[in-house]
Novice: 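Below is one structure. I have some questions about it.
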Amino acid sequence: MFKQITIIGFGLIGSSVARAIIEYKQAETIVCVDEDPDVCNKVLAMGLADDATTDPSLGVAGSDMVILCCPVGAMEHVASRITGHLNQNCIVTDVGSVKGAVIKVLQPRLPSYVHLVPAHPISGSEKTGPDNGFAELFQNRWCIITPLPDTELLAIEGVTKLWESFGSMVEIMDPEHHDLVLGLTSHLPHLIAYSVVGTATDLEDDIKSEVIKFSAAGFRDFTRIAASDPVMWRDVFLNNKEAVLEVLQRFTEDLTALQKAIRKGDGEYLYQQFTETRDIRNAIVEAGQADYLEPDL
């Protein structure tokens with residue numbers, strides 16, 4: 001058990017982490033840091049933290065773990081606010097969907113006497129805010145930890161045990177490899193969803209109303225994904241640019257091949273592609289990962 005954990009950013013993930021810490025008794029004290037004073041007041045009223053502040057430098061004082069649950073684009077600012085106020089041997093970790101960029105801004109700004117252990121819980125919802133969090137959010141989900149080469153083993157074990165106590169399965173991964181994998185499994189699907197829904201919004205009003213009225217399951221799924229936090233996803237795409245562009249190029253090539261097959265009436269090619277993708281879906285279902293949506297960060 002940690003003596004004090006500070007959570008910076010109390011959206012869906014931050015509030016779910018707090019609930020899990022309480023549920024599984026992982027800290028004596030929880031401190032909430034959020035830039036919105038109304039969120040701080042709500043968190044205290046809901047009993048999700050013992051103390052709350054809008055000032056990161058005050059919030060991290062005395063903590064042996066700090067969990068950054070803010071958007072990726074805010075990491076640099078937060079690091080600059082907390083760097084001179086962290087305890088000796090404090091573990092600093094995060095929940096960001098991008099790891100390379102997070103390490104790039106955090107590592108040079110954090111003092112040498114703390115331990116940086118980046119992490120990414122692959123779980124969540126398109127819903128936002130502390131009201132929508134729940135302790136079971138991370139059960140039977142993967143959490144990827146991307147430690148630096150010189151990170152102390154005890155710090156890695158501390159973060160690992162925390163996520164395992166929440167019911168997560170933990171995988172250690174290289175940061176660049178993480179960003180490429182998530183670029184394909186998470187970031188690209190969100191980009192496609194935003195594009196498809198954006199295409200619908202550009203239609204004439206009468207057609208647009210019918211699209212909304214007669215939405216089939218596929219389009220509804222796209223709209224659910226496209227309802228995710230725009231600040232988070234803006235930061236994800238800007239901070240995982242290389243990986244996203246790489247997988248987007250591959251997708252564009254595959255999409256062009258499908259376009260040619262449809263134009264030529266190549267049913268055999270279409271059948272082969274659809275069969276292979278169905279097999280992947282079945283494997284995801286068998287792995288128990290079928291109801292995943294990227295978190296609000």
Side-chain angles (χ1 to χ4, degrees), residues 11-13 71-74 96-101 120 122-129 132 178-285 289-297:
L12 172 77
I13 296 298
V72 171
S97 182
V98 178
K99 298 271 69 81
H120 176 207
I122 307 179
S123 56
S125 165
E126 79 281 4
K127 296 180 180 179
T128 62
N132 293 303
H178 165 278
D179 289 351
L180 181 60
V181 171
L182 270 294
L184 178 60
T185 62
S186 175
H187 306 165
L188 179 63
H190 276 79
L191 190 65
I192 295 169
Y194 282 122
S195 178
V196 170
V197 176
T199 298
T201 63
D202 291 336
L203 297 173
E204 296 178 3
D205 289 341
D206 56 339
I207 300 178
K208 186 191 306 183
S209 64
E210 291 179 334
V211 168
I212 295 173
K213 181 178 180 179
F214 299 115
S215 290
F219 187 74
R220 286 199 302 270
D221 287 343
F222 276 130
T223 60
R224 181 178 61 176
I225 296 172
S228 300
D229 181 35
V231 172
M232 170 197 169
W233 285 102
R234 175 201 65 193
D235 291 352
V236 166
F237 292 126
L238 291 178
N239 287 280
N240 198 25
K241 186 184 303 182
E242 290 78 12
V244 169
L245 289 176
E246 180 177 339
V247 296
L248 185 59
Q249 178 61 37
R250 297 186 187 185
F251 169 76
T252 302
E253 293 170 0
D254 292 339
L255 189 62
T256 300
L258 288 171
Q259 185 181 34
K260 291 179 179 178
I262 294 172
R263 182 179 294 114
K264 295 179 179 179
D266 189 348
E268 182 177 349
Y269 179 85
L270 295 173
Y271 178 80
Q272 179 183 353
Q273 293 298 308
F274 299 161
T275 300
E276 291 176 358
T277 55
R278 183 179 63 178
D279 291 342
I280 292 176
R281 168 62 182 180
N282 290 338
I284 292 173
V285 172
Q289 302 297 308
D291 58 346
Y292 158 69
L293 264 179
E294 183 67 17
D296 161 45
L297 292 184

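All values derive from a computational prediction rather than experimental measurement.
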Novice: Using modelled atom types and a 3.5 Å cut-off, is there a donor and acceptor pairing between side-chain atoms of Ser186 and backbone atoms of Leu182?
Specialist: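 Not a single qualifying donor-acceptor pair exists.
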Novice: Is Asn132 reaching over with its side chain to a backbone N or O of Leu12, donor-acceptor style, under 3.5 angstrom?
Specialist: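 Pair absent, no side-chain N/O of Asn132 close to backbone of Leu12.
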Novice: Does the plane of the ring in His187 sit parallel, tilted or perpendicular to the ring in Phe237? Use 30° and 60° as the thresholds.
Specialist: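 Taking Phe237 first and then His187, their aromatic rings stand perpendicular (interplane angle over 60°).
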Novice: Could you pull out the closest heavy-atom pair between Pro71 and Asp235, with the gap in Å?
Specialist: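 That would be CB-OD2, 3.4 Å.
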Novice: Of all the heavy-atom pairs spanning Ser97 and Met232, show the shortest one and how long it is.
Specialist: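 Reported closest heavy-atom pair: CB-CE, 4.3 Å.
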Novice: Would you say that more than 12 heavy atoms from the other residues, nucleotides or ligands in this model lie under 6.0 Å from the CD of Glu253, or not?
Specialist: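 Check passes, neighbour count above 12.
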Novice: For Leu248, does its backbone N or O pair with a side-chain atom of Thr252 as donor and acceptor, under 3.5 Å?
Specialist: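 Yes, the answer is positive, given that a donor and an acceptor are paired below the 3.5 Å cut-off.
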Novice: Atom CG in Leu191, atom CZ in Phe251: separation rounded to 0.5 Å?
Specialist: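 So the CG of Leu191 and the CZ of Phe251 are separated by 9.0 Å.
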Novice: Kindly compute the distance separating CG (Leu270) from OG1 (Thr275), expressed to the nearest 0.5 Å.
Specialist: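 Result: 10.5 Å between the selected atoms.
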Novice: Looking at Tyr269 and Ala261, what are the two nearest heavy atoms and their distance?
Specialist: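 Taking every non-hydrogen atom into account, CD2-CB, 3.5 Å.
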Novice: With sequence neighbours excluded, tell me which residues meet salt bridge (Lys or Arg N to Asp or Glu O under 4.0 Å) with Arg250.
Specialist: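 For Arg250, the residues satisfying salt bridge (Lys or Arg N to Asp or Glu O under 4.0 Å) (neighbours in sequence not counted) are Glu246.
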Novice: Roughly how far, to the nearest 0.5 Å, is CG of Leu245 from CG of Asn240?
Specialist: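 Nearest 0.5 Å value for the CG-CG distance: 9.0 Å.
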Novice: Which heavy atom in Val236 sits nearest to a heavy atom in Val98, and how many Å separate them?
Specialist: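 The answer is O-CG2, 3.9 Å.
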Novice: Indicate the atoms forming the closest heavy-atom contact of Ala226 with Ala193, along with that distance.
Specialist: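 Looking at all heavy atoms of both residues, the shortest contact is CB-O, 4.1 Å.
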Novice: If we ignore hydrogens and angles and just use 3.5 Å, is the side chain of Asn239 paired with the main-chain N or O of Ala101 as donor and acceptor?
Specialist: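 Checking the backbone N and O of Ala101 against the side chain of Asn239, no donor-acceptor pair under 3.5 Å is found.
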Novice: Under the criterion side chain to side chain contact (heavy atoms under 4.5 Å, CB included), I'd like the reasoning laid out for His178 against Val181: C-alpha separation, chi angles, the key distance, then a yes or no.
Specialist: CA-CA 5 Å; His178 165 278; Val181 171; 6.0 Å; no
Novice: Distance check, rounded to the nearest 0.5 Å: Leu255 atom CG versus Ile192 atom CD1?
Specialist: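 Leu255 CG to Ile192 CD1: 8.0 Å, rounded to 0.5 Å.
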